[in-house]
Number of protein chains: 2
Amino acid sequence: MTKPKPPQDFAELEARITEEYASLSRRLQQTARFLLDHPQEVAFATVAKLAERAGVTPSTLIRFANSFDFKGFSEMQQLFRSRLVDELPNYAERIRAVRTATGETPDSTQLLWEFAEANREVLESLPGRIDPRDLERALDIFERAEIVHVMGARRSFVVASYFTYALHHIDKRAFLVNGLGGMHGEQMKSVGKRDAVLVISFSPYAQESREIAAEAKERGVPLIVITDSNLSPLARLADVSLVVHEAEVKSFRGLTASLCLTQTLAIALGVRQDKARDAAGKDDTSVSGQV
Amino acid sequence: MTKPKPPQDFAELEARITEEYASLSRRLQQTARFLLDHPQEVAFATVAKLAERAGVTPSTLIRFANSFDFKGFSEMQQLFRSRLVDELPNYAERIRAVRTATGETPDSTQLLWEFAEANREVLESLPGRIDPRDLERALDIFERAEIVHVMGARRSFVVASYFTYALHHIDKRAFLVNGLGGMHGEQMKSVGKRDAVLVISFSPYAQESREIAAEAKERGVPLIVITDSNLSPLARLADVSLVVHEAEVKSFRGLTASLCLTQTLAIALGVRQDKARDAAGKDDTSVSGQV
DNA sequence: GGCACATTGGAACAAAAATTCTATATATAC
DNA sequence: GTATATATAGAATTTTTGTTCCAATGTGCC
């Protein structure tokens, strides 16, 4: 009779879980993911609560612990706890050190803190700065549009790309005006009267974006703009303009606010569509697919 | 009958204990000293064990808690625990309560608030969850690489796209493995031994991303991975894996944390390059260009 | 398609822990 | 010095929590 030993510290446990992960049953894999992704919760909560959070039954947690040679769940939990007491002094000190350190040599972790904090501030003020009526009007336009064409150059391309992706996931027809082969103008030719255009553009406003916006305006296609100022040259062309303020650290501007707004637009649109479809008695292509 | 409230966080509790210390009975003073001197033990141990360590009886601990308006000892213990985890459970719960209360018909503005808040929470915990050593190791690899190849499919494409963009702006050679024309594999062929690969992939991990990662590993090209769990199939292949937790609202996952991390990587790399160039006596292509 | 094996959920059980209660001790005021 | 009020210890109680066990379900193999 062999007598396997349980892991002695958290690092060892983590290693073993990772190693044996592939050979675990489905439920046990699910358990493993939860445990490693939420170690702090595991340290404190009870079996019942953890089981609920992880979407498994208490017995599964016990079995999991047993399969790693622990006598019971509690024994395994000790490792999660000791990890906290071992690491925490460092952790708290690190935060304090990083936060109070006034510039000096901004190492990477310091930068990370700064960015996270800057973006947090931006997100705090974002929802209050967006006029609910603008949001609704934008959604009205999107909802009516047969196809939504999305355009963003340079930095804004990321946002445009994400919005297009999200629209596909709520079953809204959408095209990304990506300028492949320098064909921005050509791509615009396939924009129909009953479509809508979203242009995302920040200072300095890329020429291509202005042109696309101008053409949409000219041809009478509904135009929505996400930009960084009401004085933006794009704003005056738009039927609805949504103004966001992005964080700036070391002259690098973020995208957090734009993406957050974009996400909201997509999902709000998805919710509307679901409602419309329900009302029409048709069945549901739900918004709830994983994205 | 007045209804006194217990302290809401550890700092408040500490303040009250200090303040009222003089007016406590002898045993309660002894208890107070022990609690404040060994907060970590208090977080984990049971009443019986703590009583023994403090040299008092279990009931004394209960009475102590009661005298500070807690319903019982366990309630007070929560404060010692939340202190360890830095994240305030009250806070998260409060928001969740608000969400469910106003739930019903989530109009667009409500959604915007929810997203902003969810992303804020994520950003709060992001910097603490990233191991500074991993960050530095990733930067080492990027710095040494002649060219950085960046790959992300579906949702992660947005992040990959942004990182590539940012690298260009700090004058780091970079290619986006974009799979145009279904040529992921072909694009990988131009990856050289002295380059580096960054793959961004979240559950469910896209097949293309796995393949790219596997190939990098096989060919001995340094591989960095941004993913959502240590158990991700990508993580085991990577030289450095950076794990981020993204917000999730209505089954839509955000990208805020990934982008924030990506931004940090790019700029930290830019700072390093500037330093290296200064050290080499050459002149500066500064990181400070608008991005 | 049916059998054997492994996995899982849930109820029943046992252990442990928090809390309450009461008799006793201690301090304080008169 | 006694009476009253308050504080304390330890046992009793109740609640919570971890664990075990068995039936049911799913899975792979012949």
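Keep in mind that this is a model prediction, so the values were computed, not measured. Throughout, a chain's letter reflects where its sequence line sits, starting with A, and its residues are numbered from 1.
Nearest to the side chain of A/Asn66, among C/dT19, D/dA7, D/dT20, sits D/dT20. Listed nucleotides: D/dT8, D/dG18, C/dT20. Nearest to the side chain of B/Ile62: C/dT20. In the set C/dG9, C/dT19, D/dT8, the nucleotide with an atom closest to the side chain of B/Ser74 is C/dT19. Distances from the side chain of A/Thr46 to the nucleotides D/dT17, D/dT20, D/dA9 place D/dT17 closest. Considering only the side chain of A/Arg26, D/dT27 comes nearest among D/dT27, C/dT7, C/dC21. With D/dA7, C/dG9, C/dT19 as the choices, the nucleotide that has an atom nearest any side-chain atom of B/Val47 turns out to be C/dT19.
The CG-P distance, from B/Leu61 to D/dG10, rounds to 14 Å in whole Å. Spacing between atom CZ of A/Phe73 and atom P of D/dT20 amounts to 14 Å, rounded to whole angstrom units. Rounded to an integer number of Å, the gap from A/Glu52 CD to D/dG18 P is 14 Å. Rounded to whole Å, the distance from CG on A/Leu50 to P on D/dT17 is 11 Å. B/Gln77 places its CD atom 12 Å from the P atom of C/dA17, with the value rounded to the nearest Å. The separation between B/Glu75 atom CD and D/dT16 atom P is 14 Å, rounded to whole Å. Look at NZ on B/Lys71: it is 15 Å from P on C/dA18, rounded to the nearest Å. The CE atom of A/Met76 sits 12 Å away from the P atom of D/dG18 (whole-angstrom rounding).
The shortest distance between the side-chain N/O atoms of B/Arg63 and the OP1/OP2 oxygens of D/dT8 is below 4.0 Å. A close approach under 4.0 Å does not occur between any side-chain nitrogen or oxygen of B/Ser25 and OP1 or OP2 of D/dT6.
The closest side-chain donor-acceptor pair between A/Tyr21 and B/Asn230, if any, does not fall under 3.5 angstrom.
When heavy atoms are screened at a 4.0 angstrom cut-off, B/Thr57 is found touching base atoms of the nucleic acid. A/Ser59 comes within 4.0 angstrom of a base, heavy atoms only.
Test A/Leu35, A/Val42, A/Ile62 against A/Met76 for side-chain contact (heavy atoms from CB on, under 4.5 Å) and you get one pass: A/Leu35.
Electrostatic pairing of A/Lys71 and A/Glu75 does not count as a salt bridge here, judged by no charged N lying under 4.0 Å from a carboxylate O.
Separation of atoms OG (B/Ser203) and CZ (B/Arg253) is listed at 5.5 Å; rounding is to 0.5 Å.
Using a 30° and 60° split on the angle between ring planes, B/Phe44 and A/Phe44 fall in the parallel class, below 30°.
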